[in-house]
There are 2 protein chains.
Amino acid sequence: MFSIGQISTRTGVKVPTIRYYEQMGLIAAEERTEGNQRRFSQDGLERLHFIRHARDLGLSIDMIRHLLTIAPSNHAESHRIAAEHLGEVRDRIARLKRLEAELVRIKDSCDGKDECSVLSAFGDHSQCASGH
Amino acid sequence: MFSIGQISTRTGVKVPTIRYYEQMGLIAAEERTEGNQRRFSQDGLERLHFIRHARDLGLSIDMIRHLLTIAPSNHAESHRIAAEHLGEVRDRIARLKRLEAELVRIKDSCDGKDECSVLSAFGDHSQCASGH
DNA sequence: TATAATTCCTCTAGTCCCTAGAGGTTCAAG
DNA sequence: CTTGAACCTCTAGGGACTAGAGGAATTATA
């Protein structure tokens, strides 16, 4: 049995966040001590790992609850959710990569010079690109 | 002069969001009509483009305000902000890529089969990877 | 030009996912 | 058995929007 602090350090999810997840119905402590403190089993720990992982993947709390309740009995459904989400993640990567390129340009290509303001570089993709 | 709706469609920033930005002190309509409707100049349009762009890059509203007020007169400062942010963006890309790989694994490697539950795949990186 | 449809206004409140703080109780190490 | 860390509940705040109510202005159509 683990205390909330223990599963917190083991999963990297902060203590108040775990309590928040409990409130949201994602997780529940199997037991409480005499003094009302949460005690989690190995199962709870794994469930929290799952939640954390899924959050990292960008799934909403609703989606996760869905996965945790409906999905276990419905393989195809959870499968579908994963697949659906893949598209979104790829989109985000693509956008971020564009932005990365832009930041590199802002940082490097205008180094020290005054002609190309960072501000306008931010505002307009095509400005620095050919200029120098 | 553009109406709020016009700069909205031109920049892709929703009308209420523009008003929100105004409230946050990022942008202001140069004029108002007799009937109190906002009218933006070309400058306003560009400023909003900039804001949108910067938000896409993940800059906070505070950072953007900083860029828009302090930075224009201080090239080095805005430069520094951009550089500083590059690290964060790269981090995010790296994380998302790991997540993408994982989603692909979840989606593909367990396709149709029942042995490897999406749930446990979500919960544990290393589970599906070698299993089948 | 009248009227209808659309866009705009302000304001308040709600959403999502936490995070912080107050004020107090329980647990585990020494 | 004491002390200090970890725990409890509860309320409120924060960032970046988003939605809705209730009404006024603008634009397009007849």
Side-chain angles (χ1 to χ4, degrees), chain A residues 1-41 44-45 47-48 50-68 85 88 92 95-96 99, chain B residues 1-41 44-45 47-48 50-68 85 88 92 95-96 99:
Chain A
M1 283 293 166
F2 310 100
S3 73
I4 196 169
Q6 286 172 328
I7 65 165
S8 169
T9 51
R10 263 155 227 246
T11 59
V13 180
K14 288 182 193 154
V15 168
T17 306
I18 297 170
R19 291 201 270 251
Y20 169 73
Y21 287 161
E22 184 186 83
Q23 235 181 282
M24 295 299 102
L26 298 189
I27 194 171
E30 282 86 349
E31 283 178 25
R32 295 275 184 144
T33 64
E34 288 288 295
N36 198 32
Q37 300 198 354
R38 292 166 181 83
R39 287 297 114 103
F40 296 88
S41 68
L45 181 65
R47 195 179 171 96
L48 186 55
F50 166 80
I51 294 166
R52 197 221 151 157
H53 202 127
R55 282 293 302 135
D56 267 1
L57 282 155
L59 303 204
S60 74
I61 284 186
D62 269 8
M63 271 179 174
I64 296 171
R65 197 178 11 240
H66 193 70
L67 276 173
L68 285 168
H85 202 63
E88 288 170 33
R92 278 207 269 161
R95 269 195 298 132
L96 271 178
L99 308 178
Chain B
M1 285 294 166
F2 310 99
S3 72
I4 197 168
Q6 285 171 327
I7 65 165
S8 170
T9 51
R10 264 156 228 245
T11 58
V13 180
K14 288 181 193 158
V15 168
T17 305
I18 297 169
R19 291 200 271 252
Y20 169 72
Y21 287 160
E22 185 186 83
Q23 236 180 280
M24 294 299 100
L26 299 189
I27 195 171
E30 283 85 350
E31 283 178 26
R32 294 274 184 144
T33 63
E34 288 287 295
N36 197 33
Q37 300 198 354
R38 291 166 182 82
R39 287 299 113 104
F40 297 87
S41 68
L45 181 65
R47 194 180 172 95
L48 186 54
F50 166 80
I51 294 166
R52 188 203 167 169
H53 203 126
R55 280 295 302 139
D56 267 0
L57 282 154
L59 302 204
S60 73
I61 283 185
D62 269 6
M63 271 178 173
I64 296 172
R65 195 174 18 233
H66 193 71
L67 276 173
L68 285 169
H85 202 65
E88 289 170 34
R92 277 208 269 160
R95 268 196 296 130
L96 272 178
L99 307 177

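Throughout, protein chains are lettered first and strands after them, A, B, ... in sequence-line order, and every chain is numbered starting at 1.
- Distances shown here put every side-chain N or O of A/S60 at or beyond 4.0 Å from the OP1 or OP2 atom of C/dC16.
- Taking 4.0 Å as the cut-off between side-chain N and carboxylate O, A/R38 and A/E31 do not count as a salt-bridged pair.
- One finds no side-chain N or O of B/R19 lying less than 4.0 angstrom from the OP1 or OP2 phosphate oxygen of D/dT18.
- The side chain of B/I61 sits closest to D/dA16 out of C/dC17, D/dA16, D/dC7.
- The interatomic distance linking B/I51 (CD1) with D/dA16 (P) rounds to 13 Å, in whole Å.
- Spacing between atom CD of A/Q37 and atom C1' of D/dT9 amounts to 12 Å, rounded to whole angstrom units.
- One interatomic measurement links the two molecules: CD1 of B/I4 to P of C/dT7, which rounds to 13 Å at whole-angstrom precision.
- Regarding contacts with the backbone of C/dC17, every side-chain N or O of A/Y21 stays at 4.0 angstrom or more from both OP1 and OP2.
- Atom CG in B/N36 sits about 13 Å away from atom P in C/dC8, given to the nearest Å.
- Atom CZ in B/R32 sits roughly 14 Å away from atom C1' in C/dT7 (whole-Å rounding).
- Sequence order on DNA chain C of the closest nucleotides to A/P16 and A/E34 puts A/P16 first from the 5' end.
- Residue A/T33 places no side-chain N or O under 4.0 Å from the OP1 or OP2 atom of C/dT26.
- Counting to the nearest Å, the P atom of C/dC8 and the CZ atom of B/F40 are 10 Å from each other.
- The phosphate of C/dC16 has neither OP1 nor OP2 within less than 4.0 Å of any side-chain N or O from A/Y20.
- Taking 4.5 Å as the limit, some side-chain heavy atom of A/R10 sits within range of a side-chain heavy atom of A/F2.
- Rounded to a whole Å, the CE atom of A/M24 is 12 Å from the C1' atom of C/dT15.
- B/Y21 has its side chain within reach of B/R55: a pair of non-hydrogen atoms, C-beta onward, lies under 4.5 Å apart.
- The shortest distance between the side-chain N/O atoms of B/S3 and the OP1/OP2 oxygens of C/dC8 is below 4.0 Å.
- Residues B/I51 and B/V13 form no side-chain contact, since every pair of their non-hydrogen atoms from C-beta on lies 4.5 Å or further apart.
- Taking atom CD of A/Q23 as the reference point, atom C1' of C/dT15 lies 15 Å away to the nearest angstrom.
- Listed for the B/E30 side chain is a donor-acceptor partner under 3.5 Å among the backbone atoms of B/S41.
- For D/dA6, neither phosphate oxygen OP1 nor OP2 lies less than 4.0 angstrom from any side-chain nitrogen or oxygen of A/R39.
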